[in-house]
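Index from 1, following the sequence. All of these numbers come straight from a predicted model, not from anything done at the bench.
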Amino acid sequence: MAGGEVVVGFDLAHGEGPREGLLVRGWLALEALEAFESGGVVTLAFAVEAVGQAGGLSAAGGASTARVTALSHVAADADLTADDLAAVTPHQRAAAYGLVTSPRGLLLTELSDLTNAPGRWTLPGGGIDLGESPVEAFTREVWEETGQVVSEVRLLDVVSSHWIGRAPCGRVEDFHAVRIIFAAECPQPSDPVVHDLGGSTSDAAWVAWPDVASVDVVRSFAALVDAEAAQRPQP
């Protein structure tokens, strides 16, 4: 959106980040404004400003060229064999996560052995079910993974990751993750409890802000968590 008007709309291609997709179409994303669901489709709205076509390419040519380049450089897990890579399955997943805060600190969840980063910590959240809004998915996932109830939910950003790796089911996927990130408050924090047993979450905890820097947070959210911790008063 620019000046309150919708200036461009497109379906996000596999492996294409929303900001990159806007840029190759001649628009610089300034701020994520809204994320909503309608008819089983999640729509993202950004405030934008015109910058001309990236690299002097046409909108169609720019999008095509950027996509080919991105796919040729997609990272793959080190343990995959040539046979694994030959049988890879494309999978795009929209998910909702959030920075949940309270007087007890920041709410984090530990990844289980079913994931490709067991023992590391991440923000609570997960996939958006069919017909579910991003906010509904976020609040549901927070409850399932930590037992906490959140309020004052607001959109922070939308980020995208693309890699080839093994899913918890064992299938090798060309995985495109579109992560909608919220901020929320927990007015009545309690000791976290993982309700969704046997899934991707093995533990959950409130981490006091002075201790956040010592936690091994996954790369997808590390910069966001560090930036938030830096703004918090230290003892």
Side-chain angles (χ1 to χ4, degrees), residues 9-25 29 35 37 39-44 53-55 57-97 109-132 134 137 141 144-145 157-181 196-202 216-224:
F10 58 96
D11 292 336
L12 200 62
H14 185 78
E16 181 181 41
R19 294 177 182 274
E20 293 78 8
L22 284 166
L23 189 59
V24 297
R25 291 166 175 84
E37 182 275 341
V41 176
V42 174
T43 297
L44 309 171
Q53 299 301 336
L57 298 170
S58 67
S64 176
T65 302
R67 170 126 168 83
V68 171
T69 301
L71 286 176
S72 68
H73 290 86
V74 62
D77 288 351
D79 62 340
L80 298 180
T81 67
D83 288 341
D84 288 332
L85 296 175
V88 68
T89 301
H91 181 58
Q92 187 182 69
R93 180 177 183 251
Y97 296 84
T109 59
E110 186 181 32
L111 293 168
S112 73
D113 291 339
L114 294 177
T115 71
N116 62 358
R120 300 188 70 186
W121 292 78
T122 186
L123 299 179
I128 301 171
D129 292 340
L130 184 64
E132 187 178 44
E141 288 282 350
E144 290 177 354
E145 295 180 347
D157 203 357
V158 181
V159 298
S160 176
S161 299
H162 185 202
W163 74 96
I164 296 174
R166 195 177 303 280
C169 65
R171 182 177 60 190
V172 178
E173 295 178 338
D174 173 4
F175 192 78
H176 178 206
V178 180
R179 300 184 179 95
I180 301 166
I181 305 174
D196 186 18
L197 300 176
S200 62
T201 301
S202 60
D216 185 15
V217 177
V218 294
R219 182 175 57 184
S220 301
F221 299 126
L224 178 65

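Contact annotation: the side chain of Ile180 approaches that of Val42 to within less than 4.5 Å [non-hydrogen atoms, C-beta and beyond].
Smallest separation of non-hydrogen atoms from Ala76 and Leu85: CB-CD2, 4.4 Å. Scanning all heavy atoms of the two residues, the minimum distance from Trp163 to Asn116 falls at NE1-ND2, 3.8 Å. Nearest heavy-atom pair across Leu111 and Ala117 is CB-O, 3.4 Å. Residues Leu224 and Ile181 come closest through the heavy atom pair CD2-CG2, 3.7 Å. Contact between Pro18 and Val158 at its shortest, heavy atoms only, is CG-CG1, 3.8 Å. Minimum heavy-atom separation, Asp77 to Arg166: OD2-N, 3.7 Å.
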Let me see the working for Asp196 and Thr201 under side chain to side chain contact (heavy atoms under 4.5 Å, CB included), right down to the final yes or no.
CA-CA 8 Å; Asp196 186 18; Thr201 301; over 6 Å; no
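Glu141 has no carboxylate O lying under 4.0 Å from a charged side-chain N of Arg179, or vice versa, which leaves the two without a salt bridge.
Distance check, rounded to the nearest 0.5 Å: CD1 of Ile164 to NE2 of His91 gives 14.5 Å. Thr89 contributes atom OG1, which lies 9.0 Å from atom CG of Asp174 (distance to the nearest 0.5 angstrom). Between atom CG of residue Asp84 and atom CG of residue Asp79 there is a gap of 7.5 Å, rounded to the nearest 0.5 Å.
Remark: Asp129 pairs with Arg140 by the salt bridge (charged side-chain N to carboxylate O under 4.0 Å, His left out) rule, at least two apart or across chains. When the salt bridge (charged side-chain N to carboxylate O under 4.0 Å, His left out) test is applied to Glu110, no partner is found at least two apart in sequence or on another chain.
By the 30° and 60° cut-offs, the orientation of the rings of His162 relative to His14 is perpendicular.
Using modelled atom types, no side-chain atom of Ser161 and backbone atom of Ala177 make a donor-acceptor pair closer than 3.5 Å. Side-chain atoms of His176 do not come within 3.5 Å of backbone N or O of Gln92 as any donor-acceptor pair.
Summarising the local packing, CG of Asp113 is surrounded by 12 or fewer heavy atoms from other residues, nucleotides or ligands at distances under 6.0 Å.
A side chain to side chain contact (heavy atoms under 4.5 Å, CB included) with Ser200 is found for exactly one of Thr115, Thr109, Leu114, namely Thr115.
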